[in-house]
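See below for the structure under consideration.
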Amino acid sequence: MSPPPLPQRARVVIVGGGIIGCSVAYHLAHMGWKDVVLLERDRLTSGTTWHAAGLMVTFGSTSETSTEMRKYSCDLYARLEAETEQNTGFKRTGFIEVASDRDRLEEYRRVSAFNRLMGIDVKEITPRQVGDLFPLAKTDDLLAGFYVKEDGRADPVGVTMALAKGARQQGATLLENVPVTGLKTHRGAVTGVSTPFGDIEAEYVVNCAGMWARQLGAQHGVTIPNQAAEHYYLITERIPELSKDWPVLEDPASYVYFREEVGGLMIGLFEPVCAPWNIRGIPDDFSFGEIQPDWERMGPYVEKAMARVPISMTAGVKKFFCGPESFTPDLRPIVGEAPELKNYFVCAGLNSIGILTGGGLGRVMAHWIINGRPDVDVTAMDIDRLHTYQTNPEYRRTRTVESLGMVYKCHYPTHTMVTARGARKSPFYDRLAALGAYFRDVSGWEGADWYKPEQPTIEQHSWGRQHWFPQWEAEHRAAREGVILMDMSFMSKFLVEGRDAGRVLDHISANSVDGAVGQITYTQWLDVAGKLQADLTVTKLADDRFWVVASDTAHRHVETWMKRSIGDAHAHVADMTGAYAQINIQGPRSRELMQLVTSADMTNEAFPFRAAREIDIGFARVLCIRITYLGELGYELYIPT
Ligand SMILES: Cc1cc2nc3c(=O)[nH]c(=O)nc-3n(C[C@H](O)[C@H](O)[C@H](O)COP(=O)(O)OP(=O)(O)OC[C@H]3O[C@@H](n4cnc5c(N)ncnc54)[C@H](O)[C@@H]3O)c2cc1C
């Protein structure tokens, strides 16, 4: 085969021709950026997209951004056929989520309330109405259903081809059989891509390589911790009683969804304990591929699932399909500009909703690239929330087992991931554990949530008052009336040094932070549009030395924002998070406690609000800052580890 003619340069090169890459190309071209080249290693849709079930569901998310993306995708796929004359298979058959226990009923009622606020017409229906809409379903054990008439299904290949055609019609170039083998970079920014047929210079590169995204990013030190896992559906032989116009039926408690497929039933599964696939790396030549189904592992789940539509047990199995799909450590997509490489964007790790959010994601990405910032709140899905250790094989192997099943779990507000724990522990961890701490996953750190020496476990989460409420109450009371110690070592801590450090920090802060030495300032960082980018404190330790403390979730965002703002100025950022433990001492009696353990003068006159000083505690020399977020007297101690 002769090599395809490659352009020498393009404004944007997109890597990957699944639904995501095609959607990004479509939206860039529609927004006026025509100089776009999409490179697909094999053929369009050959990765994961070709075998998706194509459920188009707006119900279910409690994220405004994700819900808007779902709605936008439905609207786009509904009109795409008229624009491109390419069939998308989009059909508003309706969707029903059933609840068979009290906790799920509570969750779906809350979700419905939020979804209605977002303009989705969700109706709570009775089990009998569920039966009217999906007559083959067993409904006698149901409490309710949640019905969205406008939801339905689409043909993932049809939608992707329509997006590709629409992109081409607008002037974008989409090339198949061109693998991207590397990147061109210069001074921390991407400048192009390499292929076996030559290089292409580019201002922007967008990694939409699906389950290959991680290994492609790793070539240039970009952290993209998505991991492929086995993902199943079973298709039965024809069932004459079944209508193709029935809604999609989802029963998360039985790990299953159902929809019609060529006269039979498609029975899709989200088993609670899943199997990661190819931890070491995805083969370069895996195209339109299937995984050998693991009947033994999946058998019990299939049985439970089929019980919801009993006729499926006797209909005969036409196909038990297993294909890989990418999952992420927190079940949210990986989207945005890589902290490690300027102008290198990523959109991958779709957690089995790449079709139903693909249209919306493409729109957000295109807007972000063209305007330099997104037009919706992307905090929860921004690539910079993720950490390097999460790409470790052992982490991916351990965490992914839990990720897929999370889709159909009951999402209690107090839930915390239980796998891949203990990645980061403060120096106080063992002592807190000995005191009976119950730990939550706090950005990979073990964060003590409450203490109960005799039984720090949660047998059953709930939507109501938790059994550890008395422990929380006691801590709350102590903070108001006495004094408490909190291990806050998970907070992100940075030392910024250099003769321009103060000037740069002052420039990016909404507050003035370059005042007197030995003073802390609480401030926000805003972008040029006035949107909040960070909420943190800056402490001036010396004229050329600053201590920046931000929340754990904003760690890499803050670090990247600082580093990019410094540019060529004389300032250097060092991440000190692991180098210092942090204890917050809060409450009206915190001064009393402090005075007991240090020889420093802690009186209000000697140590006023916002003061920052090094003090002695035992043999240790620690940084002590007088600040509080509780409305009471309080101090923060930063202790070298
Ligand atoms: C069984 C199953 C059922 C599903 N059902 C649904 C559903 O009902 N609804 C839903 O929304 N989602 C569903 N999904 C998920 C959905 O299929 C994915 O989220 C989506 O297809 C991901 O699209 P993508 O473009 O990110 O990845 P892909 O489709 O994998 O595209 C990535 C592309 O990048 C290419 N590529 C990789 N490396 C390179 C390189 N170096 N150079 C050039 N090209 C490269 C690959 O060849 C591939 O074509 C399902 C998934 C599975 C497995």
Side-chain angles (χ1 to χ4, degrees), residues 13-25 37-57 69-70 73-74 77 95 151-157 159-160 163 174-183 193-196 205-217 219 226 228-235 248 250 257 259 266-270 277 281-291 293 320-328 333-335 346-362 404 407:
V13 169
I14 297 166
V15 187
I19 190 162
I20 300 300
C22 291
S23 180
V24 174
V37 173
L38 181 149
L39 302 177
E40 164 54 43
R41 167 196 67 112
D42 194 295
R43 274 171 293 151
L44 299 181
T45 77
S46 61
T48 298
T49 298
W50 71 277
H51 55 58
L55 268 50
M56 293 299 302
V57 182
M69 284 179 177
R70 290 164 182 239
S73 301
C74 279
Y77 303 168
F95 167 83
D151 284 352
R153 56 193 269 196
D155 164 21
V157 174
V159 169
T160 307
L163 289 166
L174 281 70
L175 299 173
E176 296 183 303
N177 300 305
V178 185
V180 169
T181 49
L183 293 180
V193 298
S194 305
T195 83
V205 172
V206 193
N207 178 343
C208 300
M211 60 186 160
W212 291 268
R214 181 185 56 76
Q215 53 212 63
L216 195 62
Q219 288 178 11
N226 63 331
E230 294 179 4
H231 195 19
Y232 288 86
Y233 51 69
L234 182 150
I235 297 171
V248 173
E250 194 168 70
Y257 64 82
R259 74 159 174 78
M266 175 184 274
I267 304 175
L269 295 153
F270 282 89
W277 183 71
I282 308 300
D284 286 340
D285 58 355
F286 186 82
S287 293
F288 298 108
E290 297 185 29
I291 303 171
F320 191 31
F321 177 85
C322 179
E325 164 65 343
S326 287
F327 290 86
T328 62
I334 303 174
V335 179
V346 178
C347 192
L350 273 305
N351 301 294
S352 209
I353 55 170
I355 310 303
L356 66 91
T357 53
L361 269 172
L404 178 139
V407 175

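Counting starts at 1 for both ligands and their atoms, in listed order. Computed from heavy atoms alone, side chains included, the values below leave out hydrogens, waters and symmetry copies.
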Quiz item: Distance only, no hydrogens: is a donor on one side chain within 3.5 Å (strictly under) of an acceptor on the other, for Arg41 and Ser287?
Solution: yes
Among Gly54, Ala52, Ala228, Ser352, the residue with a heavy atom nearest to atom 12 (N) of ligand 1 is Ser352
Discussion item. Applying side-chain contact (heavy atoms from CB on, under 4.5 Å) to Trp277 and Ile282, what does each step give before you reach the verdict?
Written reply: CA-CA 8 Å; Trp277 183 71; Ile282 308 300; 3.9 Å; yes
among protein heavy atoms, the one nearest atom 23 (O) of ligand 1 is Thr49 OG1, 3.4 Å
Numbered in order shown, the ligand 1 atoms found under 4.0 Å of a heavy atom of His51 are 52 (C), 53 (C)
Could you check whether the rings of Tyr257 and Phe270 sit parallel, tilted or perpendicular, using 30° and 60° as the cut-offs? tilted
To atom 38 (N) of ligand 1, the nearest of Tyr233, Phe327, Trp212, Trp50 on a heavy-atom basis is Trp212
Atom 31 (O) of ligand 1 sits nearest the protein heavy atom Gly18 CA, 3.3 Å
Note: Pro324, heavy atoms under 4.0 Å from ligand 1, region reported as backbone
Under 4.0 Å from one or more heavy atoms of Leu39, ligand 1 contributes atoms 43 (C), 44 (N)
among protein heavy atoms, the one nearest atom 24 (P) of ligand 1 is Ile20 CG1, 3.7 Å
Atom 30 (O) of ligand 1 sits nearest the protein heavy atom Thr48 N, 2.8 Å
For Ile19, the atoms of ligand 1 under 4.0 Å from one of its heavy atoms are 23 (O), 25 (O)
The closest protein heavy-atom partner of atom 42 (N) of ligand 1 is Val180 N, 2.9 Å
Does any N/O atom on His231 come nearer than 3.5 Å to any N/O atom on ligand 1?
no
Within 4.0 Å of some non-hydrogen atom of Val15, the atoms of ligand 1 are 40 (C), 42 (N), 43 (C)
Taking only non-hydrogen atoms of Leu356 and a 4.0 Å limit, the atoms of ligand 1 in range are 10 (C), 11 (O)
Checking heavy atoms under 4.0 Å, the part of Ser287 that sits near ligand 1 is neither
For atom 19 (O) of ligand 1, the closest protein heavy atom turns out to be Glu325 OE2, 2.7 Å
The protein heavy atom nearest to atom 39 (C) of ligand 1 is Arg41 CB, 3.9 Å
- Is a side-chain N or O of Ser194 found less than 3.5 angstrom from the main chain of Thr181, in a donor-acceptor match? no
Quiz item: Below 3.5 angstrom, do we get any N/O pair linking Leu55 and ligand 1?
Solution: yes
Parallel, tilted or perpendicular: which fits the ring planes of His51 and Phe321, with parallel below 30° and perpendicular above 60°? tilted
For Leu350, the atoms of ligand 1 under 4.0 Å from one of its heavy atoms are 19 (O), 26 (O)
Next on the checklist: With the threshold set at under 4.0 angstrom, would you say Glu40 reaches ligand 1 through any of its heavy atoms?
Outcome noted: yes
Gly323 heavy atoms within 4.0 Å reach ligand 1 at atoms 53 (C)
### Message
Closer than 3.5 angstrom, by distance alone: can the side chain of Thr328 be matched with the main-chain N or O of Pro333 as a donor-acceptor pair?
### Response
no
among protein heavy atoms, the one nearest atom 6 (C) of ligand 1 is Ala53 N, 3.6 Å
- Query: Does Ala348 have a heavy atom less than 4.0 Å from any atom of ligand 1?
  - Reply: no
**OP:** Take every heavy atom of Cys347, measure it against each atom of ligand 1, and state whether any distance is under 4.0 Å.
**Re:** no
